[in-house]
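Let me begin by presenting the structure, written as structure tokens, before commenting on it.
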Amino acid sequence: MELAEALERRPVVLDGGMSTALELAGHDLSDELWSARLLLTDPDAVRAAHLAYFRAGAEVAITASYQASFDGFAKRGISESETARLLRSSVGLARSAASEVDGPRWVAASVGPYGAVLADGSEYRGRYGLSGRELQAFHRRRIEELCAAGPDVLAVETVPDVDEAEAVLEVVRGSGVPAWLSYSVRGDRTCAGQPLGEAFAVVSGVDEVIAVGVNCCAPEDVAGAVAVAREVTGLPVVVYPNSGERWDARDRSWTGDGGGFATSAGEWVRDGARLVGGCCRTGPDAIAVLAENFTAAGG
């Protein structure tokens, strides 16, 4: 069954944060390549993280390619041919993990924003100073490699800026590979400050887009985004916020309560969300609770 067909029938459970699962397993991700480094140094760990989420009840695995790019790997002296192999391997590792569990499972190839490669937090600001053509060139090569690996869907995620969304969608358009578009947001605006109505409207005419929504945001920002996404596009809505904890850059630690994530998911589904999971600080245990709640509700 295609993912788009499943979304017409019921809500689907996404996985949680790849970095969170890897850190829980004891891996140090204090590196500019972040979780993408393990595609090179420890691919078995990436596969194990996917498997942990599938066993917790996730139906969609988002690959470890969020921070993977030709530019980023080139800084480590990695050749273009090896980078292409690593990008494709991210899909293969998720697919391999899916083969270990029963039931329908889908693989979403992560297409992170340009700011993720800069590793300076600019994926939460946008406005990189690049032209649309430059952004298209950056995204095109890795999207082509990811598509060649045969994912079920492209996860164009944590996009902070309408300009970048438009650039990525120009690359996605005509590819024939389904995609979702998910913004990083603050309140009722993108991280770059654009109204969400304007942000979601850019998917019009891009037949590949099967869902729109938000991720890597505060749980309290989700409900409003779901309503706007449904009104503007009529498409299924994808949401995978952070746990609710907040990053303290000065102390380099997480603070606050992460308990509200799973309890709010039922409200998001009632409002129209169809792909629901977690991002930063949501691990397999949180996804297990989410999946249990969906099962109990008949989802």
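Atom CG of residue Asp42 and atom CZ of residue Arg37 lie 8.5 Å apart, to the nearest 0.5 angstrom. Here the OG atom belonging to Ser99 is positioned 8.5 Å from the CG atom belonging to Leu51, to the nearest 0.5 angstrom. Within the model, atoms CG of Asp31 and OG1 of Thr41 stand 8.5 Å from one another, a figure rounded to the nearest 0.5 Å. Atom CD1 of residue Ile62 and atom CG of residue Asn215 lie 7.5 Å apart, to the nearest 0.5 angstrom. Here the CG atom belonging to Asp44 is positioned 8.0 Å from the CG atom belonging to Leu93, to the nearest 0.5 angstrom. Thr63 contributes atom OG1, which lies 14.0 Å from atom CZ of Arg88 (distance to the nearest 0.5 angstrom).
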Where do Val269 and Glu267 land on the side chain to side chain contact (heavy atoms under 4.5 Å, CB included) test, with the steps shown first?
-> CA-CA 5 Å; Val269 170; Glu267 299 173 17; over 6 Å; no

Do Val156 and Leu169 pass the side chain to side chain contact (heavy atoms under 4.5 Å, CB included) test, and can you show the C-alpha distance, the side-chain angles, and the key distance before you say yes or no?
-> CA-CA 9 Å; Val156 180; Leu169 290 176; 5.7 Å; no

Hey, mind stepping through Val228 and Asp188 against side chain to side chain contact (heavy atoms under 4.5 Å, CB included) and telling me if it holds?
-> CA-CA 9 Å; Val228 175; Asp188 61 356; over 6 Å; no

Run the numbers on Leu7 and Val12 for side chain to side chain contact (heavy atoms under 4.5 Å, CB included), then give the verdict.
-> CA-CA 7 Å; Leu7 295 178; Val12 172; 3.7 Å; yes

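Screening Cys191, Cys217, Pro241, Pro160 against Val185 for a side chain to side chain contact (heavy atoms under 4.5 Å, CB included) leaves a single residue, Cys217.
Listed for the Glu82 side chain is no donor-acceptor partner under 3.5 Å among the backbone atoms of Ser79. Under a 3.5 Å cut-off, the side chain of Arg142 and the backbone N or O of Ala68 do form a donor-acceptor pair. A donor-acceptor distance shorter than 3.5 angstrom exists from the side chain of Arg173 to the backbone of Gly205, with no hydrogens or angles considered. Using modelled atom types, one side-chain atom of Asp221 and one backbone atom of Gly187 make a donor-acceptor pair closer than 3.5 Å. The backbone N or O of Ala218 sits nowhere less than 3.5 Å from a side-chain atom of Asn242 that would complete a donor-acceptor pair. Panel note: side chain Arg105, backbone Asp102; a donor-acceptor pair is recorded below 3.5 Å. Judged by distance alone, with hydrogens and angles left aside, the side-chain atoms of Tyr240 form no donor-acceptor pair with the main-chain N or O of Leu14 at under 3.5 Å. Side-chain atoms of Arg95 come within 3.5 Å of backbone N or O of Gly150 as a donor-acceptor pair. Here the side chain of Glu59 pairs a donor or acceptor atom with the backbone of Val13 at under 3.5 angstrom. With hydrogens and angles ignored, the 3.5 Å screen pairs a side-chain donor or acceptor of Gln67 with a backbone N or O of Glu32.
Closest of all the heavy-atom pairs between Ala64 and Val46 is CB-CG1, 3.9 Å. A pairwise comparison of heavy atoms in Ala61 and Asp15 identifies CA-OD2, 3.4 Å as the closest pair. Heavy-atom minimum distance, Ser131 versus Glu134: N-OE1, 2.8 Å. Taking each heavy atom of Arg125 and Asp120 in turn, the nearest pair found is NH1-O, 3.5 Å. Closest non-hydrogen pair, Ser90 versus Leu146, comes out as OG-CD2, 3.7 Å.
For Glu220, the CD atom is densely surrounded, since the number of other residues' heavy atoms within 6.0 Å is greater than 12. Residue-environment remark: CD (Glu2) stays at or below the threshold of 12 foreign heavy atoms within 6.0 Å.
Neither side chain, Ser69 nor Asp71, offers a donor N or O lying under 3.5 Å from an acceptor on the other. Under the 3.5 Å distance criterion, with hydrogens and angles disregarded, a donor-acceptor pair is assigned to the side chains of Glu157 and Ser110. Side-chain N/O atoms of His139 and Glu164 include a donor and acceptor closer than 3.5 Å.
Cluster membership check: Val117 does not share its hydrophobic cluster with Leu38, using side-chain heavy-atom separations under 4.5 Å among Ile, Leu, Val, Met, Phe, Trp and Tyr. Put simply, Val202 and Val212 are part of the same group of oily side chains (I, L, V, M, F, W, Y) that touch within less than 4.5 Å, one to the next. Val214 and Met18 fall into different hydrophobic clusters, where Ile, Leu, Val, Met, Phe, Trp and Tyr residues are linked whenever their side-chain heavy atoms come under 4.5 Å apart, directly or through other members. One hydrophobic cluster holds both Val209 and Val276 under the rule that ILVMFWY side chains link at heavy-atom gaps under 4.5 Å. Following chains of ILVMFWY side-chain contacts shorter than 4.5 Å, one can reach Val177 starting from Val91, so the two form part of one hydrophobic cluster.
Taking 4.0 Å as the cut-off between side-chain N and carboxylate O, Arg9 and Glu5 count as a salt-bridged pair.
Looking at Glu231 and Phe200, their side chains never come closer than 4.5 Å, going by heavy atoms from C-beta outward.
The list of ring pair (Phe, Tyr, Trp, His ring centres under 6.0 Å) pairs with a residue in residues 19-75, not counting sequence neighbours, reads Trp34-Tyr66.
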